[in-house]
Amino acid sequence: MALYFIDVFSGSADWIVTDPHAQGTIVKVSQGTGYLNPKYQYSLAKNAGRLLGLYHYAGGGNPIAEANYFLSHIQDKLGQAVLAVDWEQYQNAAWGDTTWVRQFVDEIHRQTGIWPLIYVQESAIWQVANCVSDCGLWVAKYASMDWHSWTDSLGDEWHREKGRFITDRVLDLRWGVLPTSSVKCKILSEFNDFLRIYNIRDTIFRRNLCVFYIQLIGILARP
């Protein structure tokens with residue numbers, strides 16, 4: 001049986017943390033040696049009965065120092081949550097260094113006896129290949145970086161659109177309008193904030209509002 005997890009950071013709305021379609025939530029704790037997630041949604045996820053995970057986003061500084069920084073903020077959670085390191089190019093000064101993650105996970109294991117998961121894009125697995133005998137891989141893989149539609153586990157088709165809305169800033173949308181969809185609308189930025197701020201949770205209303213929003217963007221985006 002597959003388990004479905006979501007990962008969250010400071011920009012994630014609370015309803016994403018407790019999304020009932022996922023069995024687990026992996027929460028960002030830290031980045032580098034100077035950043036902590038100001039929302040740190042661990043308690044929210046735990047109180048919702050989720051399986052738990054905690055991750056550190058690699059900043060590419062000294063890997064031992066970053067491991068210590070991460071552990072210093074999760075000591076009371078060891079044994080309660082899966083640990084992970086997020087290895088991405090963005091804001092990572094050591095991207096391309098094949099020794100960085102190895103040193104990080106070795107230090108975590110030395111202090112805790114735990115081998116962390118490693119989050120990495122498929123095209124960069126080679127950067128962490130020296131860890132695969134010890135650490136599980138959490139691989140980011142998309143069928144295409146220029147995708148236009150995809151079908152979820154319920155058989156519902158979702159689509160990508162681009163448009164402009166008030167801020168004159170391009171938004172990426174994902175939408176699905178079949179009546180069997182358990183989540184009718186997931187998009188970024190203002191619309192997502194609107195749903196959260198006004199606590200709009202009714203599934204049918206969210207779907208209809210999403211369709212209207214997409215139609216509105218289509219109108220506003222026309223030259």
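Numbers here are sequence positions counted from 1.
With Glu66 contributing its side chain and Gly60 its backbone, the two residues share a donor-acceptor pair below 3.5 Å. A side-chain donor-acceptor contact under 3.5 Å links Trp100 to the backbone of Gly61. Not one N or O on the side chain of Gln80 forms a donor-acceptor pair closer than 3.5 Å with the backbone of Leu52. In terms of modelled atom types and a separation under 3.5 Å, the side chain of Ser10 and the main chain of Pro38 share no donor-acceptor contact. A donor-acceptor pair is defined here as one N or O able to donate and one able to accept, closer than 3.5 Å; such a pair exists between the side chain of Arg50 and the backbone of Asp19. Checked by atom type and distance alone, the side chain of Lys28 never pairs as donor or acceptor with a backbone atom of Tyr57 at under 3.5 Å. A side-chain donor-acceptor contact under 3.5 Å links Gln23 to the backbone of Tyr4. Side-chain atoms of Gln41 come within 3.5 Å of backbone atoms of Phe9 as a donor-acceptor pair (strictly under, hydrogens ignored).
A salt bridge links Arg102 and Asp134; the closest N-O separation between the charged side-chain nitrogens and carboxylate oxygens is under 4.0 Å.
Tracing side-chain contacts under 4.5 Å through hydrophobic residues (I, L, V, M, F, W, Y), one reaches Trp115 starting from Val132; they form part of the same cluster. Transitive grouping of hydrophobic side chains (ILVMFWY, heavy atoms separated by less than 4.5 Å) keeps Val17 and Val82 in distinct clusters. Placement of Leu36 and Leu44 in two distinct hydrophobic clusters is found when ILVMFWY residues are connected by side-chain heavy-atom separations under 4.5 Å, directly or transitively. Linking Ile, Leu, Val, Met, Phe, Trp and Tyr whenever their side-chain heavy atoms come within less than 4.5 Å leaves Leu117 and Val105 in two separate clusters.
Summarising the geometry, atom CD1 belonging to Ile64 is positioned 7.5 Å from atom CG belonging to Asp106; distances are rounded to the nearest 0.5 Å. Interatomic distance, Tyr42 OH to Ile74 CD1, rounded to the nearest 0.5 Å: 9.5 Å.
Here the options are Gln111, Gln103, His109, the test is side-chain hydrogen bond (donor to acceptor under 3.5 Å, both in side chains), and the partner is Glu107; only Gln111 passes.
Between Trp138 and Tyr55, the two ring planes are perpendicular [angle over 60°; tilted spans 30° to 60°]. Taking the six-membered ring where the residue is Trp, Tyr69 and His73 present perpendicular rings, their angle passing 60° and hence far from 30°.
Across all non-hydrogen atoms, the minimal contact from Ser30 to Phe70 is OG-CD1, 3.5 Å.
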